[in-house]
Structure formats: C-alpha cells, structure tokens
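Values in this document were obtained by computation on a predicted structure and should not be read as measured data. By convention in this document, chain letters (A, B, ...) are assigned in the order of the sequence lines, proteins followed by strands, and residues within each chain are numbered from 1.
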Protein chains: 2
Amino acid sequence: MDALNPTPVRRSEQLGEEIEERIVTGVYPPGMRLDEQELAAAFGVSRTPIREALIQLASIGLVDIRPRRGATVPEMSADRLCEMFEVMAELESMCGRLAARRILPAELARLRDAHQACEEARDAGKPDLYYQLNEVFHRRIYEASHNGFLAEQATALHRRLRPYRRLQLRVRNRMQSSFSEHAGIVEAIVAGDGEQAASLLRAHVVVQGERFTDLVATLRQMNAPAEPEAATAQ
Amino acid sequence: MDALNPTPVRRSEQLGEEIEERIVTGVYPPGMRLDEQELAAAFGVSRTPIREALIQLASIGLVDIRPRRGATVPEMSADRLCEMFEVMAELESMCGRLAARRILPAELARLRDAHQACEEARDAGKPDLYYQLNEVFHRRIYEASHNGFLAEQATALHRRLRPYRRLQLRVRNRMQSSFSEHAGIVEAIVAGDGEQAASLLRAHVVVQGERFTDLVATLRQMNAPAEPEAATAQ
DNA sequence: GAGATTAATCTTGTATACACAAACAAAACT
DNA sequence: AGTTTTGTTTGTGTATACAAGATTAATCTC
C-alpha cells in the first residue's frame with residue numbers, strides 16, 4: 001500500500017519534520033531567524049507549506065513566532081533546559097513505574113534485547129551508536145507503560161532534548177555509568193518493583209540535567225560561534 | 001471594528017483559541033467534521049487563517065487532520081481519557097512536590113486566597129464558580145513549582161481535560177470532597193512536605209479519572225445528541 | 001436487479017498576488 | 001552634532017486562484 005501511495009502525507013508535515021531535524025541537530029542554531037522566503041527557496045516550495053510547518057513547530061515550542069516579527073529558533077536558556085530535564089525525569093519515572101506493573105513478556109524480551117544492544121555498543125566504544133540504541137531502550141519502556149498518551153508525551157520531549165543529551169554522552173564518558181543504570185532499571189522492571197524503577201529512572205535522567213553547567217558551557221561554544229549581540233537575558 | 005483592530009496577535013491564533021474553546025466546550029462535538037470553508041464563512045475570514053488555526057490545534061492533539069480527508073474533532077475514547085488523566089495526575093503531583101519546596105511567601109498567600117475563595121463557592125453551593133476557582137487554585141500550584149515549562153505543560157493538559165472535569169463536578173457532588181482534599185494539599189505545601197503534597201495531589205486527580213465510567217456514560221448522553229452513526233470504536 | 005466502473009463534484013493542498021506593518025536609513029531641523 | 005521624522009524596503013499576514021485527490025452518484029453491463 002505504501003508503494004502505491006507516493007505521497008500520503010501533507011507536504012508541510014514532511015517539511016516540518018525536516019526543519020525540526022535541522023533545529024534539533026543544530027543546523028539551524030538557537031536564535032537563528034527563519035525567513036519564510038529563504039526556506040521556501042531552499043526547499044523548492046512556496047511560502048504556504050513553509051508557513052504551515054513553522055506554525056506546527058511553533059505550537060510544540062520548537063520555533064518562536066511573533067506577529068510581524070517572523071519566526072526564530074528559540075534560545076533555550078540553561079534554566080529552561082533544566083526545567084525540561086526536570087519534567088523529562090518525571091515522565092520517564094512514570095513510564096518506569098507503570099511499565100514495571102504492566103509490561104508483557106514479549107515487551108520484556110524486547111527491552112532486554114535493547115539493553116544487550118547497548119552493552120555491545122558500549123563494549124565497542126561507539127558513543128554515537130550507544131546514543132541511538134539508548135533511545136530505543138527508553139522507547140521500549142515508554143511503550144511498556146501501556147499508556148499511549150504518556151508514551152507520546154515522553155517521546156516528544158525526549159526528541160526535543162536530543163541534542164543536549166547527545167552532547168553529554170560525549171562530554172563525559174557517561175556511556176559506562178548510563179549502561180549500569182540501565183541494568184538496574186531492567187532489574188527493577190523484571191521484579192515488578194514500580195517504585196524502584198521509577199526512582200532509578202528519575203535519577204538516570206536527572207543526572208543528565210544536573211551535570212549541566214559544564215554541558216551548557218560546552219554547548220555555548222559549539223552553538224554560538226558568531227553571536228556578539230543577543231545580550232537580552234543571558 | 002476590523003478597521004480599527006489594533007490586535008498585535010495573529011488572526012489565526014485568535015481563531016485557534018476560539019475553535020479550541022468550541023471544541024472544549026462541546027459546541028464542536030467529537031467526531032465532527034471541521035470544514036474549512038464553513039469555518040471560514042462562519043468567522044468571516046478566508047481559508048488560510050482557518051487552516052493555520054487547525055494545523056496549530058492538530059499539533060496539540062485537539063483536532064485530527066488527515067491528508068486529503070480534512071479535519072475532524074478527535075473522538076477521545078474512554079481509554080484515551082484515562083491515560084490523559086493518569087498523566088495529569090503525575091504532572092500535578094510533580095507540581096505539588098516542587099511547590100512544597102520552592103513556594104515563596106507571596107505565592108503561598110495567593111494560594112491560600114484561592115483556597116478560601118473555593119470555600120466560599122462551596123458554601124454558596126455554586127459548582128460553576130467552584131469549578132472556575134478550582135482552576136485558579138491549581139494554577140497557583142503550577143506557578144509555585146517554579147518550573148515554567150512544567151507549568152505550561154500542566155496548564156495545557158488541564159485545559160484539554162476541562163470539559164470532563166467540569167462534568168464530573170456536577171455528576172457527583174464532589175465539591176465537598178474536592179475542597180477537603182485541597183485543604184490537605186495546602187497543609188502539606190505549608191509544611192514543606194513535598195512527598196505528601198505529591199501523593200495527595202496525585203490522589204486528588206486520580207479520583208477524577210477513576211470514577212470515570214459513569215462520567216463517560218453521562219458525557220455520551222450530553223455530547224452526542226444526534227449521532228446514530230460513528231460505530232467505529234465505541 | 002445488483003455490482004462495478006467511470007465521471008463529476010467537492011474539498012483539500014499549494015502557489016501566487018496583494019496589503020499592511022515594522023525596521024532601517026537618510027535627511028532635515030533644532 | 002545629535003535627535004527626530006519621514007520615506008523606503010523588506011517581510012509577514014490574508015486572500016484568491018488553481019490543481020490534485022477523494023468521494024459519491026449515475027450509468028452501463030452482466
């Protein structure tokens with residue numbers, strides 16, 4: 001059916017994902033002005049689908065649209081990021097608590113697979129691969145919560161925090177400790193100990209938010225190479 | 001008035017809020033088709049701002065847009081609603097935990113004011129007023145969490161669940177017990193007992209989700225007055 | 001008479017055109 | 001010389017026109 005359907009999705013939706021990707025990977029860095037005409041030209045479409053994509057991204061907080069001022073990539077302050085990590089920790093924690101009680105055998109098997117895959121990436125010393133498999137691991141937990149809405153929320157926020165998490169895996173050699181924490185989480189879920197899973201997961205994520213000052217410093221060097229202005233709220 | 005219109009906000013944003021209001025209040029019931037042309041005519045604008053409003057609402061899950069099929073108000077299944085309440089409970093809980101630790105004297109005073117206002121509404125036996133003041137009470141807690149992102153998320157979800165919560169306050173005489181629970185929550189926050197505030201708030205919200213079957217039944221009578229079809233997933 | 005296929009109509013998705021507001025720059029006046 | 005005002009330019013916001021897909025109805029065939 002997919003083969004017969006060449007374009008079953010809105011163009012603006014595809015564009016939205018592409019722009020989101022570029023924002024999230026830092027191709028469009030925080031503070032960058034997103035000119036509709038430029039984007040339209042760059043993607044070879046008219047302004048309309050670009051506008052729709054930007055509006056969509058704006059409503060999930062990934063771009064900032066101000067009337068008659070245009071769209072920009074929002075500058076996420078360190079405070080803001082801390083707040084988001086705080087919420088992320090709680091969502092993950094909740095997923096873990098529910099998963100410990102509700103996970104099905106098949107799901108547990110897949111969770112273990114994901115965990116093992118992480119181990120191999122760690123042993124091979126591949127942070128990029130680990131990062132990717134780490135995402136799968138967490139997604140498995142989201143799904144095992146058997147709360148579709150929660151899983152969606154967690155996935156969305158996880159995605160928004162992606163670039164910062166990624167940086168952190170590099171800055172410090174966190175692969176090792178991350179993997180150990182995963183092991184404890186799996187154990188708690190296997191044991192059906194919701195509270196244990198919850199608190200381990202919270203700690204697992206909070207760590208990422210706490211060791212954060214260095215991260216922000218690192219990030220500031222990388223993402224803001226040529227920005228002498230922007231002295232508003234730094 | 002359109003000529004003098006000094007509005008510094010996008011038209012589509014205003015439209016979005018208006019449409020959101022109508023969805024949330026049941027004027028546009030679940031399953032309803034949202035024809036762009038009809039809406040454009042109804043609001044006296046062209047299709048463009050309507051489209052933008054719908055896309056915005058779609059990205060927060062308030063309408064369902066399917067390519068080449070148009071927009072509809074999503075039918076929220078009972079399962080889905082339970083899931084959302086489950087997440088809401090956790091967000092509120094988190095707000096309470098943080099608020100207990102971080103609330104400032106001035107904020108505490110305002111929280112008490114809101115609580116007292118609820119009491120008066122209860123004594124006067126005005127559920128609609130109570131409902132409104134209840135929102136203020138909860139918003140005060142969100143703010144006191146000193147996590148702006150969390151407060152935004154909680155507010156957004158609270159808003160989406162509004163119609164269901166409102167119904168419930170009517171169906172059972174929950175005003176009394178709701179108020180008692182509020183009292184305990186305030187007490188825990190005053191005492192700085194984060195865990196206590198968290199668990200009380202979780203229970204406070206979960207109750208709304210649990211006594212839910214009757215609610216859905218009631219709701220079905222009210223919101224679906226003329227819908228003989230729609231036998232998809234009921 | 002029933003089912004399938006085709007055509008017509010309706011609605012969405014995209015493009016283009018136009019209008020208005022804001023920011024920047026230049027010139028004139030204090 | 002500095003400040004203010006006005007004009008120009010750029011870019012957003014809305015409208016309209018056009019194209020493509022989906023649905024429905026009608027007609028034709030079995």
May I have the distance from [X] (atom [atom1]) to [N] (atom [atom2]), rounded to whole angstrom?
| X | N | atom1 | atom2 | value |
| --- | --- | --- | --- | --- |
| B:Glu38 | C:dC10 | CD | C1' | 12 Å |
| B:Leu54 | C:dT12 | CG | C1' | 11 Å |
| A:Asp64 | D:dT12 | CG | C1' | 15 Å |
| B:Arg33 | D:dA22 | CZ | P | 13 Å |
| B:Ile65 | C:dG13 | CD1 | P | 7 Å |
| B:Ile50 | D:dT14 | CD1 | P | 11 Å |
| B:Arg51 | D:dG13 | CZ | C1' | 16 Å |
| A:Gln37 | D:dT10 | CD | C1' | 8 Å |

Taking NZ, NE, NH1 and NH2 as the nitrogens, is one of them in [X] or [Y] under 4.0 Å from a carboxylate oxygen of the other?
| X | Y | result |
| --- | --- | --- |
| A:Glu21 | A:Arg159 | yes |
| A:Glu18 | A:Arg22 | yes |
| B:Glu92 | B:Arg202 | no |

Under 3.5 Å between N/O atoms: give me all the protein pairs with nucleotides 16-19 of chain D, atom names plus distance.
from   : atom 1 : to      : atom 2 : distance (Å)
D:dT16 : O4     : B:Thr48 : OG1    : 3.4

Do A:Glu152 and A:Tyr142 pair up side chain to side chain, a donor and an acceptor below 3.5 Å, judged on atom types alone?
no
Side chains of A:His146 and A:Glu107, donor plus acceptor under 3.5 Å
yes
Do the side-chain N or O atoms of B:Arg69 get closer than 4.0 angstrom to the phosphate oxygens (OP1, OP2) of D:dG21?
no
With side-chain hydrogen bond (donor to acceptor under 3.5 Å, both in side chains) as the test, pick out the partner of B:Asn147 among A:Arg80, A:Glu86, A:Glu90.
A:Glu86
